[in-house]
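Computed from heavy atoms alone, side chains included, the values below leave out hydrogens, waters and symmetry copies. Every chain is numbered from 1, with letters handed out A, B, ... down the list of sequences.
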Number of protein chains: 2
Amino acid sequence: MQTALATTGLPPVFSTSLPGRALPLPATEARPVHRRTVAAEAEIFAGGDRAGTFYKVVSGVVRTYRLLSDGRRQIDAFHLPGDIFGLEAGAEHRFNAEAVTEARLDVHRREPRALAGDDGALAREIVASMMKALERAQEHMMLLGRKSARERIATFLLTLSRRMACDGAAMELPMSRTDMADHLGLTVESVSRAVTQLERDGLIALPPNRRLVVLRDVEALARLAE
Amino acid sequence: MQTALATTGLPPVFSTSLPGRALPLPATEARPVHRRTVAAEAEIFAGGDRAGTFYKVVSGVVRTYRLLSDGRRQIDAFHLPGDIFGLEAGAEHRFNAEAVTEARLDVHRREPRALAGDDGALAREIVASMMKALERAQEHMMLLGRKSARERIATFLLTLSRRMACDGAAMELPMSRTDMADHLGLTVESVSRAVTQLERDGLIALPPNRRLVVLRDVEALARLAE
DNA sequence: CGAATGATTGAGAACTCTCAAGCTCGGTGG
DNA sequence: CCACCGAGCTTGAGAGTTCTCAATCATTCG
């Protein structure tokens, strides 16, 4: 799920090799306008801002979120290294983006030829990134619409561990419990309780540092996440 | 939000006019493989099916959904005329698709050159459709993660009325309460109660036929939806 | 006109939220 | 080096919303 476009038998919808235009460049080498470093908790852009650029995470973690008028927050995604965010169909950003940890970003200018033009590698990467974002969003709707707090935490921890490619060892959560809550459609307290319960049941272990988690029973977690 | 790619000032990421390859074809004329009519409640494809084709709704309404292993269902979207669905990055469909009402569909074969190749109109339509799907998914995460039952119904009715372009008159809901529930992350009973409550508060009217709704106070509904 | 499916309503249970307190870890300064 | 401090996390108790189970009602279809 974390890998880019699958290449499993069927002709991919978005071909990775344009006939007569084979660029040997790895996708990640597509010309960034410049690189930017943002401090933890710093704003990257706000909803309503002119969407003249989009971003690719080099290191660190970024959150994109929206607010209801009374302040309720929904974090639609955490963006890890390699992820693209901030790409809009319209003229304005529809989200707010902030650094969760200190983060380095590639800033890309949004140009008419970004997809159709001469940079095939970036074009394909953008489309692949959109499809990945859509798949994650759809997966997340399942979580938000139909899963219990316990199941949400299990799903989240499993997915994050896969995306962070952390070996069997402890995984360091980049985000606070509050961030997790606003991503999972819960309150901080419910997140805390569900995490504690998973520990009591032996599915995870919680070292003294609350930002660390060890997945002790991946099978059982997967069963919870379905 | 329902319109295709916005063209508001900024250069669109995905240019609608490819330099040197201007196809005068309207997007909707892009070669369908064939047309198919499905009866109400009939299956169009199932999760795990080989994703060799994708679809565009000509008339009627389609739902795409996923199930948890114990049967809980999440309808990720209702597809109205003009919408594209069933397009996958991988080799298999990740969703089930069924007709909500009788529906006519354009069936498109998924080919390597679908985006990169010679049919620029279809390619751009596909990308636009993906962006639209992503925006709707993100909007829906806000609903599922942070809105009350009442707010979900208000949001749903407003959004649907805009997409169906129904004048101020009564809107005919194509789907059952159960479908609404599984889309909005609620139970049938909660949907029913919230709808009834909106009627008691005068925000909507419910003619005897329970598939009809009149939005009586769009302002108030919009305030609820935020 | 009657059966059947879908919708509504009711009552009680369950889950999550709210409000409030207490705790822990990590950093700070004496 | 240790005690203190603060932000974030956890825990508790009670309230609230939604869910579950069950019955009733309505509309459509045969």
Spatial distance of atom [atom1] ([X]) from atom [atom2] ([Y]) [nearest 0.5 Å]:
{"X": "S176(A)", "Y": "R211(A)", "atom1": "OG", "atom2": "CZ", "answer": "5.5 Å"}
{"X": "E139(A)", "Y": "M141(A)", "atom1": "CD", "atom2": "CE", "answer": "10.0 Å"}
{"X": "N96(A)", "Y": "D49(A)", "atom1": "CG", "atom2": "CG", "answer": "8.0 Å"}

Hey, does the side chain of [X] reach the backbone of [Y] with a donor-acceptor pair shorter than 3.5 angstrom?
{"X": "R150(A)", "Y": "A194(A)", "result": "no"}
{"X": "R152(A)", "Y": "K147(A)", "result": "yes"}
{"X": "R146(A)", "Y": "R73(B)", "result": "yes"}
{"X": "D201(B)", "Y": "L203(B)", "result": "no"}
{"X": "H183(A)", "Y": "I75(A)", "result": "yes"}

Nearest whole Å is fine: how far is [N] [atom2] from [X] [atom1]?
{"X": "E199(B)", "N": "dT8(C)", "atom1": "CD", "atom2": "P", "result": "9 Å"}
{"X": "L212(B)", "N": "dA7(C)", "atom1": "CG", "atom2": "P", "result": "13 Å"}
{"X": "L206(B)", "N": "dT8(C)", "atom1": "CG", "atom2": "P", "result": "7 Å"}
{"X": "D182(A)", "N": "dC9(D)", "atom1": "CG", "atom2": "P", "result": "12 Å"}
{"X": "L186(A)", "N": "dT10(D)", "atom1": "CG", "atom2": "C1'", "result": "16 Å"}

Exercise for the section: List in numerical order all residues of residues 61-73 of chain B for which some heavy atom is under 4.0 Å away from an atom belonging to DNA chain C. Expected result: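 Going residue by residue through residues 61-73 of chain B, none turns out to have a heavy atom under 4.0 Å of DNA chain C.
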Practice task
Compute whether any side-chain donor of one residue and acceptor of the other, for T53(B) and R109(B), lie under 3.5 angstrom apart.
Solution key: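 T53(B) vs R109(B): no donor-acceptor pair found between side chains.
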Practice task
Indicate whether any N or O donor in one side chain lies under 3.5 Å from an N or O acceptor in the other, for H79(A) and T64(A).
Solution key: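 Yes, because at least one side-chain N or O of H79(A) sits under 3.5 Å from a partner of the opposite role on T64(A).
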Whether [Y] and [X] form a salt bridge (side-chain N of Lys/Arg under 4.0 Å from carboxylate O of Asp/Glu) is what I want to check.
{"X": "R223(A)", "Y": "E151(A)", "value": "no"}
{"X": "R63(A)", "Y": "E41(A)", "value": "yes"}
{"X": "R110(B)", "Y": "E88(B)", "value": "no"}

Exercise for the section: Would you give a per-nucleotide map of nucleotides 20-30 of chain D, 5' to 3', where B means the base has a protein non-hydrogen atom under 4.0 Å away, S means only the sugar-phosphate does, and - means neither? Expected result: BBB----SS--
Exercise for the section: Using the side chain to side chain contact (heavy atoms under 4.5 Å, CB included) rule, pick out the option among T187(A), V188(A), V195(A) that qualifies with V191(A). Expected result: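 Looking at T187(A), V188(A), V195(A), the match for V191(A) under the side chain to side chain contact (heavy atoms under 4.5 Å, CB included) is V195(A).
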Practice task
Please say which of T101(B), L80(B), V62(B) ends up in a side chain to side chain contact (heavy atoms under 4.5 Å, CB included) with P174(B).
Solution key: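 Of the listed residues T101(B), L80(B), V62(B), the side chain to side chain contact (heavy atoms under 4.5 Å, CB included) partner of P174(B) is T101(B).
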Problem - Student check: side-chain heavy atoms of L198(A) and I153(A) closer than 4.5 Å - result: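 Touching, per the 4.5 Å side-chain cut-off.
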Are there any protein N/O atoms within less than 3.5 Å of an N/O atom in nucleotides 4-7 of chain D, and if so, which ones and at what distance?
none

Practice task
Look at atom CZ of R210(B) and say whether more than 12 heavy atoms of other residues, nucleotides or ligands are closer to it than 6.0 Å.
Solution key: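 More than 12 heavy atoms, drawn from other residues, nucleotides or ligands, come within 6.0 Å of this atom.
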Problem - DNA chain D contacts among residues 141-157 of chain B, heavy-atom distance under 4.0 Å - result: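 By residue number: S148(B), A149(B).
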What pairs of nitrogen or oxygen atoms, one from the protein and one from nucleotides 2-6 of chain C, lie under 3.5 Å apart?
none

Exercise for the section: Measure the angle between the two terminal helix axes of the helix from dC1(C)-dG30(D) to dG30(C)-dC1(D), five base pairs each, and quote it to 10°. Expected result: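 End-to-end axis angle: 30°.
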Problem - 5' precedence on DNA chain C between V191(A) and M175(B) (nearest-nucleotide basis) - result: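 Final value for this comparison: M175(B).
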Handout entry: Check: F45(A) ring centre within less than 6.0 Å of Y55(A) ring centre
Key =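 Distance test on ring centres: under 6.0 Å, yes.
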